[in-house]
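All chains are named by letter (A, B, ...) in the order of the sequence lines, taking the proteins before the strands, and each is independently numbered beginning at 1. These numbers were taken from a predicted model, which means no experiment stands behind them.
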Amino acid sequence: MSVLLETNELGYAYLGRERCLDGVSLTLRADERLGLVGVNGAGKSTLLHLLVGLYKAEAGTISAFGRGFETEEDFRLLRRRVGLVFQDPDDQLFCPTVEEDVAFGPLNLGYSRADARTIVEETLALLNLTALKDSITHRLSGGQKRLVALATVMAMKPDILLLDEPTNDLDEDTRNRLVTILQSLPQAMIIVSHDRAFREQVVTRTITMESGRIS
Amino acid sequence: MSDLLEEAGRARTLTSDAEQAETVLFSRRMWIRELDPRVRIITVLVFSICVVQLDQLPLLVASLCASLFLLLQAQLPFLPTIKRVMTVDSFIILLLVMLPFTTSGTELFSLFGWPASYEGLLQAVVILLRANAIVMATLPLIATIDAVTFGHALASLRVPERLVHLLLFTVRYIEVLHTEYKRLRTAMKCRAFAPSNSLHTYKSVGYLVGMLLIRSFERSERILMAMKCRGFNGQFHLLKEFSLTRKDCAFALLSFLFILSLMALEVMHVGAA
């Protein structure tokens with residue numbers, strides 16, 4: 001299987017604190033759903049942010065789709081193909097209505113309004129969320145917000161999905177729905193999750209982070 | 001313990017009342033609420049500008065009647081509406097009481113040796129009528145638009161984008177911040193925090209406010225990151241489009257005719273005098 005994304009000895013420290021990532025090397029292949037575990041504060045979320053260039057790595061390299069990424073310009077391109085779903089859906093959903101929020105990405109990518117609408121329809125249908133299209137985002141329930149947040153990222157048609165604790169505060173039904181959705185998606189994924197049962201159902205390989213490294 | 005439980009119970013009934021009021025406010029189907037929000041905003045704007053120009057009592061009474069008619073047509077819930085009107089009136093009540101005594105003119109009566117002038121009283125009545133006519137037109141026409149639609153309508157009226165987005169972001173996140181505040185307050189209560197006039201209280205409330213500020217700041221940074229992840233480049237796109245119906249045009253035409261005749265009568269009177 002071809003390697004989609006690869007990091008080599010990544011290092012990162014928050015301002016004035018100890019290094020929280022210290023030589024992280026990992027490989028993600030196409031068709032792989034990688035589970036990422038580790039104690040709280042092990043640097044899992046930081047790693048995901050680093051992968052899409054939201055934080056700048058102090059050491060090491062990131063390469064994906066056969067090229068390296070270093071500058072903000074590079075990462076702007078990378079973010080079109082690697083979708084990060086945030087831990088808190090309230091951070092992700094900022095538009096008044098679901099339709100606008102899902103359309104935000106495609107419109108930024110330069111699609112016309114009509115095309116964006118089509119993409120919204122398709123994405124919502126794919127995730128079985130069509131009924132929520134005209135809903136006001138802040139009135140959605142926690143579970144609905146999470147699924148819509150996933151939809152907003154899926155609308156960018158990424159090749160890789162990065163999910164940060166996707167099952168946090170989901171009820172049984174929504175959780176099962178999410179499992180079915182993730183199993184059916186063709187994208188390669190990196191999933192940070194403490195939920196063992198969920199990982200067993202979804203991921204194909206699990207790696208553990210410990211004191212800033214992958215062990 | 002028991003008073004805590006009681007308070008919790010009261011809080012619940014309060015929210016359900018508020019929710020009910022909100023549902024009534026936005027859900028009932030009536031011709032006023034089906035009008036295009038843009039038409040409603042412009043009508044209120046033009047009407048307000050016109051009403052503040054009027055000086056003739058009969059014309060002011062006529063505009064108040066028109067507003068009352070709209071208010072009745074919108075079938076707003078009675079008590080909350082009265083409360084809102086009273087809120088506005090409470091701002092000008094002091095002015096109204098003072099005016100007769102501070103304006104010089106024909107003496108009407110005197111209170112504790114202070115003369116009240118006829119001109120001052122007239123001024124006060126004019127201000128009262130103007131304010132209430134405007135408020136009573138705003139309530140049925142604008143207060144029934146929910147905040148998100150209002151933002152969209154402003155955007156399609158070419159109000160500067162930044163202002164519209166400021167409004168929409170506020171609408172979106174005020175609830176999140178309020179929940180965060182409530183969570184922190186509950187957590188404080190659970191550890192037996194009872195506000196009193198003490199240094200401890202001020203310090204704790206200071207921490208609470210500080211924590212809210214820090215959290216909002218961090219949240220705004222996370223939102224920006226999430227937006228960047230979706231290719232944000234400084235441009236916002238609103239999708240909603242409005243379309244004018246026959247009813248909208250009819251309403252706009254009628255109200256502008258009414259406003260125009262008010263203005264014409266006012267100008268004619270001034271011309272005659």
B/Arg230 side chain to A/Asp101 backbone, donor-acceptor under 3.5 Å: yes
Going from CZ on A/Phe94 to NE2 on B/His165, what distance comes out if it is rounded to the nearest 0.5 angstrom? 8.5 Å
Contact origin within A/Leu93 toward chain B - heavy atom pairs under 4.5 Å: both
Applying a strict 4.5 Å limit to non-hydrogen atoms, the region of B/His152 in contact with chain A is side chain
Side chain / backbone / both / neither for A/Asp88 at chain B, heavy atoms under 4.5 Å: side chain
Between A/Leu109 and chain B, which part of the residue has a heavy atom less than 4.5 Å away: side chain, backbone, both or neither? neither
More than 12 heavy atoms from other groups under 6.0 Å of NE2 on A/His194: yes
For B/Met227 versus A/Phe104, what's the shortest heavy-atom pair and its separation? O-CE2, 3.9 Å
Correct closest heavy-atom pair for A/Phe86 and B/Cys229 would be CE1-SG, 4.1 Å
A/Tyr111 atom OH: more than 12 heavy-atom contacts under 6.0 Å: no
B/Phe169 versus chain A, the contacting section by heavy-atom distance below 4.5 Å: side chain
Listed by number, the residues in residues 42-55 of chain A that come under 4.5 Å of chain B (heavy atom to heavy atom) are A/His49, A/Val52, A/Leu54, A/Tyr55
Are there residues of residues 200-217 of chain B whose heavy atoms fall under 4.5 Å of chain A's heavy atoms? If so, which? none
Could you check whether A/Asp90 pairs with B/Arg172 (Lys NZ or Arg NE/NH1/NH2 to Asp/Glu carboxylate O, under 4.0 Å)? yes
Looking at every heavy atom in both A/Asp91 and B/Tyr173, which two are closest together, and how far apart are they? O-OH, 4.1 Å
Region of B/Val171 that comes under 4.5 Å of a non-hydrogen atom in chain A: both
Gap between atom CG of B/Leu168 and atom CD of A/Glu100 - 0.5 Å precision: 8.0 Å
